[in-house]
Amino acid sequence: MTIDPLSKTISQELQGAGKYLAFWLAKEEFAVPVGRVREIIPVQEITPVPQAPFYVLGVINLRGKVVPVMDLRLRLGVAREAADARACIVVMQPDPLRGRSPIGVVVDGVSEVLQIQPSDLEDTAALTNGWMQLGYVNQIAKSKGKVKLLLEIDRVLAPAAELATESEPAAA
C-alpha cells in the first residue's frame, strides 16, 4: 500500500515528529510544520480590504493568485513593533482536508528549519493563560537549549467566526 505525500505529511504532524520552520515574533520563537509552508517571500505592498478582521492586513497578488495576508503579531496578541529588513511573509497552507486557499502571515524573520523528535516535545496543558487558552500553541519543543512554541496552524489561520462556532456548546 502506498501513502500519498499529503497523507504522510499529515501523519507526521499528528505524531509530532518531523521538520519545522522556526521564525521570530518579537523575542519569541515559534515553529510550524514545514509541510504547511508553501513559500517565504519578502514583504511587499499589501492592498487593504475594507471590514477585514483587525489582524488581516489585506491581500497580495502572488503570481496571479490573490492571497490574504495576516499580521501574526496581531493574531497572537504580541506587541507590534516596526518591521525591519528580516521581516517576511510566510505563505502557509491551512487545513488541506478543507480545501482552503493559502494565507500569508507576516513574521519578524525566519530562523531555521529544524528536526524535532517526539522526545523533545511537551504539551502546554499546564500553561493555560493568554493565547495558549485559545489553542494557538499546543506543544513546546526543546531544541538546542531553547524553547520553540509550536503553533496549531489550523486554529491560527481559521476565520474568527469559525473559532467562535467551535467553542459554542452543541445544541441538544
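Every heavy atom of this structure was used, including side-chain atoms; hydrogens, water molecules and symmetry mates were not. Each residue takes its place number in the sequence, starting with 1.
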Inset, instruction - Would you please test Val49 and Val56 for side chain to side chain contact (heavy atoms under 4.5 Å, CB included) and show each step? - result: CA-CA 8 Å; Val49 176; Val56 175; 5.7 Å; no
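The minimum heavy-atom distance linking Pro102 with Val67 is given by the pair O-CG1, 3.7 Å. The shortest non-hydrogen separation linking Ile41 to Leu62 is CD1-CD1, 4.0 Å. The two residues Ile89 and Pro42 come nearest to each other via the heavy atoms CD1-O, 4.2 Å. Closest heavy-atom contact between Gln93 and Ser101: NE2-C, 4.2 Å. Here the closest heavy-atom approach between residue Ser111 and residue Trp24 is recorded as CB-NE1, 3.4 Å. Considering all non-hydrogen atoms of both residues, Arg73 and Ala26 come closest at NH2-N, 2.9 Å.
Taking the side chain as every heavy atom from C-beta outward, Phe30 and Leu76 approach each other to under 4.5 Å. The shortest distance between side-chain heavy atoms of Pro94 and Ile153 does not fall below 4.5 Å. Between Tyr136 and Arg75, some side-chain heavy-atom pair lies under the 4.5 Å cut-off. Looking at heavy atoms from C-beta onward, Ile116 lies in side-chain contact with Leu150 at the 4.5 angstrom threshold.
Between Met70 atom CE and Leu57 atom CG the span is 9.5 Å, to the nearest 0.5 Å.
Put simply, Val34 and Val156 are part of the same group of oily side chains (I, L, V, M, F, W, Y) that touch within less than 4.5 Å, one to the next. No continuous path of ILVMFWY side-chain contacts below 4.5 Å connects Val107 to Val59, so the two sit in separate hydrophobic clusters. Both Val113 and Val32 are part of a single hydrophobic cluster, where members link through side-chain heavy atoms under 4.5 Å apart.
Pairs passing the salt bridge (Lys or Arg N to Asp or Glu O under 4.0 Å) check and including a residue from residues 50-72, sequence neighbours excluded, read Glu39-Arg63, Asp71-Arg80.
Under the side chain to side chain contact (heavy atoms under 4.5 Å, CB included) test applied with Phe23, the options Leu72, Asp108, Ile40 reduce to a single match, Leu72. Among Leu157, Leu151, Asp154, Ile103, the single residue meeting the side chain to side chain contact (heavy atoms under 4.5 Å, CB included) criterion with Met92 is Leu157.
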